[in-house]
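Every number for a ligand or one of its atoms is a count from 1 in the order of the listing. Each residue takes its place number in the sequence, starting with 1.
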Amino acid sequence: MIQRWQKRKTQLPLVVLVFFVFIVSSILYNERNIQQIHQNHADPDPVDDHHPPSLKQASLLESTKALPVVLDRFSTCRSTVKYSGRKAGRAVDTQELDRPRGNGECDLFSGKWVFDNSSYPLYNESDCPYMSDQLACHKHGRPDMGYQYWRWQPHNCNMKRWNVAEMWEKLRGKRLMFVGDSLNRGQWISMVCLLVSVIPADKRSMSPNAHLTIFRAEEYNATVEFLWAPLLVESNSDDPVNHRLDERILRPDSVLRHASQWEHADILVFNTYLWWRQGPVKLLWKTETNGVCEEIDGLRGMELAMGAWADWVASNVDPHKKRIFFETMSPTHLWSREWEPESEGNCYNQKTPISDEGYWGSGSDLPTMHMVDKVLSGLSSKVTTINITQLSEYRKDGHPSIYRKFWETLSPEQLSNPASYSDCIHWCLPGVPDVWNELLFQFL
Ligand SMILES: *[C@@H]1O[C@H](CO)[C@@H](O)[C@H](O)[C@H]1NC(C)=O
Ligand SMILES: *[C@@H]1O[C@H](CO)[C@@H](O)[C@H](O)[C@H]1NC(C)=O
Ligand SMILES: *[C@@H]1O[C@H](CO)[C@@H](O)[C@H](O)[C@H]1NC(C)=O
Ligand SMILES: *[C@@H]1O[C@H](CO)[C@@H](O)[C@H](O)[C@H]1NC(C)=O
């Protein structure tokens with residue numbers, strides 16, 4: 001299957017790739033839904049992008065070149081050179097240790113989707129007070145409900161049934177934190193929606209959207225939090241709302257900005273992937289004081305960032321005190337011809353999962369997977385992998401497509417061709433991320 005894809009990939013014309021990059025970037029750059037999470041009171045206008053870039057701040061970088069400045073969205077490279085081959089930190093020991101499994105010998109990530117409308121969905125979309133308008137597909141007009149009714153069935157065992165009371169007991173007195181990009185934010189919202197039903201309204205709270213956003217449940221003295229860190233390391237895209245930028249600049253040797261937030265959590269769930277798929281990124285090393293960036297392709301940039309993250313985990317995590325999870329890449333469904341040859345389209349109007357076992361689409365990059373495998377295998381005593389890629393690959397029906405809030409006004413041209421603006425990256429809720437959380441539940 002994998003080989004089949006590789007063969008196809010080499011035949012992709014350039015124009016298709018350019019279009020892919022366009023779609024991914026227009027969706028990633030526009031994910032400004034987060035205010036909507038807190039919009040219990042009608043507040044239809046997102047307030048971001050309303051702060052005009054301050055010229056003063058932009059020129060500040062110019063005048064303080066002696067110190068490594070904290071990157072923000074106004075940061076620029078004075079010049080850019082090719083990547084020098086420099087590495088950050090120490091190499092993580094990559095010897096393979098026993099990888100912890102949730103359920104004896106059973107591989108929970110290998111299985112199939114089973115239609116089950118008696119136990120799913122695990123919550124109702126409209127009952128979740130923190131639902132995001134980016135993910136509330138039914139509310140935004142999705143007519144078919146099938147995407148809510150699928151249960152993940154591993155081949156050789158059963159998953160423990162989701163149990164909200166048991167989950168709260170696991171979380172009692174603890175901080176559970178999701179760290180990453182909008183896919184991980186979707187999983188965080190899913191987790192909050194899964195958990196919130198048993199918490200009375202006056203015994204819970206949600207902090208305003210920020211770099212770190214916190215859901216708190218008083219009775220359990222527990223929090224479920226989301227930290228915006230799409231590249232894991234410090235970058236110019238660390239503003240949770242304003243990260244629509246022409247170039248990605250990151251510090252491959254600095255996880256500190258984010259680690260200072262996440263280090264206090266008891267259970268951490270990390271992800272990173274799609275932001276590395278938009279072309280080259282620029283490295284600005286901490287010791288570089290003249291604003292000279294090095295350009296590197298996304299995969300190698302991600303490898304450096306994963307290395308910095310792995311170093312942090314290796315030297316800071318005591319597995320008896322902290323649980324660390326890493327979510328593998330979330331697939332996209334941008335080309336329907338990958339599962340239905342000759343067809344033109346994407347996830348729009350897809351109503352059922354793919355049943356072809358082992359199906360693998362272009363949204364899941366194999367070199368990235370191999371790199372992640374390598375990094376994680378060096379950390380296997382400290383990090384549990386939640387391998388969502390294959391199971392989510394089957395779910396071409398699970399994306400919002402046109403059934404979400406869009407913040408840009410859509411042109412008549414776009415409206416007449418729904419596939420042209422469909423979101424085939426994020427996932428409807430209730431839906432696929434609920435199952436990612438059920439998997440997490442198996443390992444806690
Ligand atoms: C579940 O699906 C079956 C078959 O499609 C249908 O007959 C039944 O009414 C559904 N039940 C519920 C609770 O939606
Ligand atoms: C969702 O709402 C329906 C009625 O609208 C109810 O029968 C069902 O139990 C609810 N499901 C959950 C998980 O709360
Ligand atoms: C609540 O949990 C925090 C850790 O998240 C702990 O430091 C604190 O002592 C707990 N408070 C109570 C009253 O249990
Ligand atoms: C995830 O599963 C795929 C097969 O579906 C496998 O190729 C890959 O190595 C796994 N990755 C990790 C990090 O476990």
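- A centroid separation of less than 6.0 Å is found between the aromatic rings of Tyr421 and Phe406.
- Checked by atom type, the side-chain pair Gln350/Ser336 shows no donor-acceptor distance below 3.5 Å.
- Among protein heavy atoms, atom 11 (N) of ligand 1 sits closest to Asn117 ND2, 2.9 Å.
- Per-atom contact check: atom 14 (O) of ligand 3 touches the protein, criterion being a heavy-atom distance below 4.0 Å.
- Taking the centre of each ring, Trp309 and Phe326 come in below the 6.0 Å mark.
- A donor-acceptor contact closer than 3.5 angstrom links the side chains of Tyr123 and Asp434.
- Distances between N or O atoms of Trp360 and those of ligand 4 include no value under 3.5 Å.
- The cationic group of Arg151 does not satisfy the cation-pi geometry with Trp113, failing either the under 6.0 Å distance to the six-membered ring centre or the 45° limit from the ring axis.
- Here is the list of ligand 3 atoms found below 4.0 Å of a heavy atom in Gly173: 2 (O), 4 (C), 5 (O).
- In terms of N/O distances under 3.5 Å, ligand 4 is approached by Asn387.
- Tyr220 and Trp168 have parallel rings, their planes meeting at less than 30° on a 0 to 90° scale where 60° marks the start of perpendicular.
- The six-membered or imidazole ring of His258 lies away from that of Trp228, with a centre-to-centre distance of 6.0 Å or more.
- At a cut-off of 3.5 Å, with distance as the only test, no side-chain donor of Ser422 or His399 sits close to an acceptor on the other residue.
- Within 4.0 Å of atom 3 (C) of ligand 1, at least one protein heavy atom is present.
- Residue His370 does not touch ligand 4, judged by heavy-atom distances below 4.0 Å.
- In this structure, Phe115 is part of the shell of residues with a heavy atom less than 4.0 angstrom from ligand 1.
- Residue Asn221 has at least one nitrogen or oxygen atom sitting less than 3.5 Å from a nitrogen or oxygen atom of ligand 3, judged on distance alone.
- Checked against a 6.0 Å centroid threshold, the rings of Trp262 and Phe270 count as neighbours.
- Close approach of ligand 4 to Thr385 (heavy-atom distance below 4.0 Å) involves ligand atoms 13 (C), 14 (O).
- Taking all heavy atoms of Gln390, Lys374, Glu393 into account, the minimum distance to atom 5 (O) of ligand 4 is reached by Gln390.
- Within a 4.0 Å radius of atom 7 (O) of ligand 1, the protein has no heavy atom.
- Heavy atoms of Thr389 stay at 4.0 angstrom or farther from ligand 4.
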